[in-house]
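Quick notes on the structure that follows.
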There are 2 protein chains.
Amino acid sequence: MSKPVRLIDVAQATNTSIKTVSRVLNGHPRVSDETRTRVQEKMTELGYQVDVVARSLRTGVDNVIGLVVPKIGDPFFAELVEEVEEEANRRGIGVIVGSTHWELDREVDLVQGFKQRRVAGMIITPQDADYSFVKDSSMPIVFVDRAPRNVKGEVIRVDDKKGAELATNHLIKHGHTKIAFIGDKLRIKTSKLRFDGFKSAMAAAKIAINDDYIINNAENAELAEPVFEELMKLDNPPTAIFCAKSEISIGIVRAMHRINRTDIAFFSFDDFTMADSLQPAVTILDHSPRVLGRAAIKRLLERMDGGAPRVGETNIPLKIIERGSGEIKAPSGKARK
Amino acid sequence: MSKPVRLIDVAQATNTSIKTVSRVLNGHPRVSDETRTRVQEKMTELGYQVDVVARSLRTGVDNVIGLVVPKIGDPFFAELVEEVEEEANRRGIGVIVGSTHWELDREVDLVQGFKQRRVAGMIITPQDADYSFVKDSSMPIVFVDRAPRNVKGEVIRVDDKKGAELATNHLIKHGHTKIAFIGDKLRIKTSKLRFDGFKSAMAAAKIAINDDYIINNAENAELAEPVFEELMKLDNPPTAIFCAKSEISIGIVRAMHRINRTDIAFFSFDDFTMADSLQPAVTILDHSPRVLGRAAIKRLLERMDGGAPRVGETNIPLKIIERGSGEIKAPSGKARK
DNA sequence: TACCTATATGACAACGATTACCTCCCTATG
DNA sequence: CATAGGGAGGTAATCGTTGTCATATAGGTA
């Protein structure tokens, strides 16, 4: 009900000018200690609070960062968001989030909206949008998880290709040659890179790839679930499966358990809840979204503080976490193809 | 690089006044069709975009809503956030999120910060903070999942007590009398209500509660995990467990699998990823965060459009999803206590 | 013709903070 | 003693938009 206190109210109450109060507020040195304390006391007494909107208008930047992810509800991105928010919050910076749902239009709209809002910076998980328009803007932006198209920007990501090679080699080391790859559409960069890693590891081991084992259109758990059964129905089914995305893994695992085929070796690129409690527990690559998120917000804050952009890719290291499902040996007696 | 286009730029380009352009922008009727189209064309030609900050300053509200949850990374809240963002986005409204990490101070800070930012509305999962300060504010607020302390507000939640009764009765119906209750601290309202439901169902069935079976300080998966083993070490261990929170369930399930005691009946109030793929799959109550989120944002938008607050609680209905773990019968031959 | 009304438009203030620029006044130095 | 220098503080413009009020023009009525 009570009107908010403004600078001018504090000024009048202390017999000073609006500018002096503003100086105190911003820690400007040209204020005598006496006035400073007097003003400060009055400010707390009256319960003064800066009007961030007015300040934003004047200074040209809103003390908020924009965060664009494909899907907030996805545990991977949820943790990333949490990490970013946590650190931003510590600095009194708000976080506006946006889900693209993997749709190009929404991605563009969100970024445009943020620009319009004069956010102080952005962290973006880019899909296919054309980011060339950010070139002629001084807005600090950090890309996460994949590089943007058409722009050289600062990117923080995991080495998807190398990770996929690690995983594939792990399965090969356990005697598998009939390895299935299940991933999302190849137009999604991450998916493509992981597929590339898979192929390169197979090639390096001189194992021919069976096209029947390659699935590149399992977008989510529901679509992935039937895939497993189809693979098992093949005349010559695979003995190991490499899943390139957590949601796909969830669907596959569900299917494996439903039809009782947990004897198949299974490697998931991403971790997911309960992956360690299943029987067998699921072997994964350790690339926590939290690490990505923390690195991204850290760099963004540095940039916002005036740091120079560090154009190029920063790779977060990857490590295999063996839990059982990935260490299932290939059935012996089967000849190498 | 190029300066943003302002109203005055459009005005000059069309030989009109800033006010006329503003009128066109806001669809004010008192503008001739001729001028209107002329201005509109010029606006798109110059690529005019409203400065939302300036507008916020003038109108007093920022076209953004504040969303406060305990933990964004928690899958439950992540889905809630996603649902809210989705609907808000459809209306061109941004969502600023904040995680309290179950800490009182942060909760208060976040809400204060949002108020300061003049957000158009808030959706809050309240913990113990004193919300009486929002009384004398006209800001639309919708509380989710639990009611705020010290204020009568609009609350959207599930009937925790009734849900716990349903769950407890379910276990009782399967022959259990030695039922353990594992929950979070009782000062968290939801926890208390669920515990109340448990007690009332036990009382209604005339089953005495064994204090050794009651754990009210398992805050997260890590703390919960050892609890299960301790329960099993009792001289007279429980035959069924009711978990009042998803993260606790995750810890307990992990322990059950680790020491191979999946013969114990298990009921989780909340759902969690993979709960349906474990063996046995975990019986839960169906109360999707998405339903909560959708209802909350829907109401908030109505309020923002001028709708009257609907003070009181709106309950989302609950339903048991039987998956196996909750239907394990009590070992026969054991005498009722 | 004088008067009134409705419509289209413009001039100007206001929102609350920041900031460029100006004015005191006190001290120090030649 | 005059003046330069610097600290402390004030005045007013500004950010881009919206709201209030005034104005001009056209058409209708007495």
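Model, not experiment: these values are computed from the prediction. Below, read A as the first sequence line, B as the second, and so on, with proteins coming before strands; counting in each chain starts at 1.
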Separation of atom CD in B:Gln12 from atom C1' in C:dG10, rounded to whole Å: 14 Å
Test side chain to side chain contact (heavy atoms under 4.5 Å, CB included) applied to B:Asp51 and B:Arg6, step by step: CA-CA 8 Å; B:Asp51 184 320; B:Arg6 298 157 304 167; over 6 Å; no
A:Arg30 side chain, from C-beta outward: closest of C:dT18, D:dA8, D:dT17: D:dA8
Atom pair CZ (B:Phe143) and CD (B:Glu154), whose distance is rounded to the nearest 0.5 Å: 10.0 Å
Single hit among B:Arg299, B:Arg91, B:Lys298 for salt bridge (charged side-chain N to carboxylate O under 4.0 Å, His left out) with B:Asp305: B:Arg91
Rounded (10°) bend between the five-pair end axes of the helix from C:dT1-D:dA30 to C:dG30-D:dC1: 70°
Listed nucleotide nearest any side-chain atom of B:Asn26, set D:dT18, C:dG16, C:dT18: D:dT18
Nearest-neighbour nucleotide for the A:Arg6 side chain, C:dA17, D:dA8, C:dA11 considered: C:dA17
side-chain N/O A:Thr20 vs D:dG10 OP1/OP2, d < 4.0 Å: yes
Listed nucleotide nearest any side-chain atom of A:Arg58, set D:dT17, C:dA11, D:dT14: D:dT14
Value in whole Å for how far the C1' atom of D:dG16 lies from NZ of B:Lys19: 13 Å
Pairwise 5' ranking along DNA chain C for B:Thr16 and B:Leu57, keeping only the more 5' one: B:Thr16
Of the listed nucleotides C:dG16, C:dC21, C:dT18, the one nearest the side chain of A:Arg23: C:dC21
Shortest side-chain distance from A:Arg55, nucleotide among D:dT11, D:dT17, C:dA17: C:dA17
Sugar-phosphate only, base, or nothing, as touched by B:Ile18 at under 4.0 Å among non-hydrogen atoms: base
Length of the line joining B:His28:NE2 and D:dT20:P, which is rounded to integer Å: 10 Å
Atom-to-atom span, CD1 of A:Ile8 to P of C:dA14 - whole angstrom: 11 Å
Interatomic distance where CG belongs to A:Asp33 and C1' belongs to D:dG7 [whole Å]: 12 Å
B:Arg38 and B:Thr14: side chain donor to acceptor below 3.5 Å: no
Residues B:Thr125, B:Val68; criterion side chain to side chain contact (heavy atoms under 4.5 Å, CB included); working and verdict: CA-CA 6 Å; B:Thr125 314; B:Val68 180; over 6 Å; no
Touch class at under 4.0 angstrom, heavy-atom based, for B:Arg118 against every strand present: sugar-phosphate
Closest to side chain of B:Ser17, choosing from D:dG16, C:dG10, C:dT19: C:dG10
Between C:dA11 (C1') and B:Leu7 (CG): distance, integer Å: 15 Å
Heavy-atom closest pair, residues B:Leu193 and B:Arg157: CD1-NH2, 2.9 Å
Spacing of A:Asp9 atom CG relative to C:dG16 atom P, expressed in whole Å: 9 Å
Chi angles and distances behind the salt bridge (Lys or Arg N to Asp or Glu O under 4.0 Å) call for B:Arg90, B:Glu85: CA-CA 8 Å; B:Arg90 210 194 303 282; B:Glu85 192 273 338; over 6 Å; no
Sugar-phosphate, base or nothing in reach of A:Thr35, heavy atoms under 4.0 Å: sugar-phosphate
Below 4.0 Å: OP1/OP2 of C:dA17 and any side-chain N or O of A:Ser22: no
Under-4.0 Å side-chain N/O to phosphate OP1/OP2 contact, B:Thr59 with D:dT17: no
Note, A:Ile93 side chain near A:Glu87 side chain (heavy atom, < 4.5 Å): no
Separation of atom CG in B:Asp62 from atom P in D:dG16, rounded to whole Å: 17 Å
Below 4.0 Å: OP1/OP2 of D:dT17 and any side-chain N or O of B:Tyr48: yes
